[in-house]
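Numbering of residues begins at 1 and proceeds along the displayed sequence.
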Amino acid sequence: MNQHEYTNGEITIIWKPELCQHVGICVKLLPNVYNPKEKPWLKPENASSDELIKQVHQCPSGALSIKK
């Protein structure tokens, strides 16, 4: 399965596009981190690790996960 990793230096967000249902919870909760119109679309340096972890746990599809 294809996956992409994005880090803020403390934690890494793993995104698996094949699982993504595009519900948009990530964009709604942390618009400074997730912007589908930009490249890269995910900028974890724009939020704290705690904010990122809390948001990733709300991903309904499991497309986002955390690696420490």
Side-chain angles (χ1 to χ4, degrees):
M1 179 175 293
N2 188 23
Q3 71 179 34
H4 304 274
E5 296 188 4
Y6 305 87
T7 186
N8 69 357
E10 293 181 352
I11 63 169
T12 300
I13 297 175
I14 300 170
W15 177 52
K16 297 178 181 173
E18 289 87 3
L19 295 178
C20 188
Q21 297 174 353
H22 305 288
V23 174
I25 291 173
C26 54
V27 176
K28 290 175 191 159
L29 293 177
L30 292 176
N32 291 333
V33 174
Y34 302 92
N35 187 340
K37 295 177 182 170
E38 292 185 8
K39 298 281 185 193
W41 81 281
L42 204 161
K43 297 178 182 171
E45 66 274 11
N46 291 342
S48 72
S49 294
D50 288 340
E51 290 172 313
L52 294 168
I53 291 167
K54 182 178 177 183
Q55 181 279 309
V56 166
H57 288 322
Q58 295 183 52
C59 178
S61 66
L64 296 172
S65 59
I66 298 286
K67 177 174 75 173
K68 294 183 181 182

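Here the side chain of Asn46 pairs a donor or acceptor atom with the backbone of Asn32 at under 3.5 angstrom.
The SG atom of Cys59 lies 8.0 Å from the CD atom of Gln21; values are rounded to the nearest 0.5 Å. Remark: Leu52 CG to Leu29 CG distance equals 11.5 Å, nearest 0.5 Å. To the nearest 0.5 Å, atoms NZ (Lys16) and CG (Asn2) are separated by 10.5 Å. To the nearest 0.5 Å, atoms OG1 (Thr7) and CD (Glu45) are separated by 9.5 Å.
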So Leu64 and Gln55, side-chain contact (heavy atoms from CB on, under 4.5 Å) or not? Walk me through it. CA-CA 9 Å; Leu64 296 172; Gln55 181 279 309; 3.9 Å; yes
Under the side-chain contact (heavy atoms from CB on, under 4.5 Å) rule, what do Ser49 and Asn8 come out as? Steps first, then yes or no, please. CA-CA 8 Å; Ser49 294; Asn8 69 357; 3.0 Å; yes
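Using a 4.5 Å heavy-atom cutoff, the side chains of Pro60 and Ile25 are in contact. The shortest side-chain heavy-atom distance between Leu19 and Met1 falls under the 4.5 Å cut-off. A heavy-atom distance below 4.5 Å is found between the side chains of Ile53 and Lys68.
Shown here for Pro17 and Gln3, the closest heavy-atom pair between the two residues is CD-CA, 4.3 Å. Contact record, Ser61 with Cys20: OG-CA, 3.9 Å, taken as the closest heavy-atom pair.
Ring planes of Tyr6 and Trp41: perpendicular class, angle over 60° (limits at 30 and 60°).
Follow the hydrophobic side-chain contacts under 4.5 Å out from Ile14 and you never reach Tyr34; the two are in separate clusters. Connection of Ile66 to Val27 is established within a shared hydrophobic cluster, with ILVMFWY side chains joined at heavy-atom distances below 4.5 Å, either directly or through further cluster members.
Lys43 NZ: more than 12 foreign heavy atoms inside a 6.0 Å radius.
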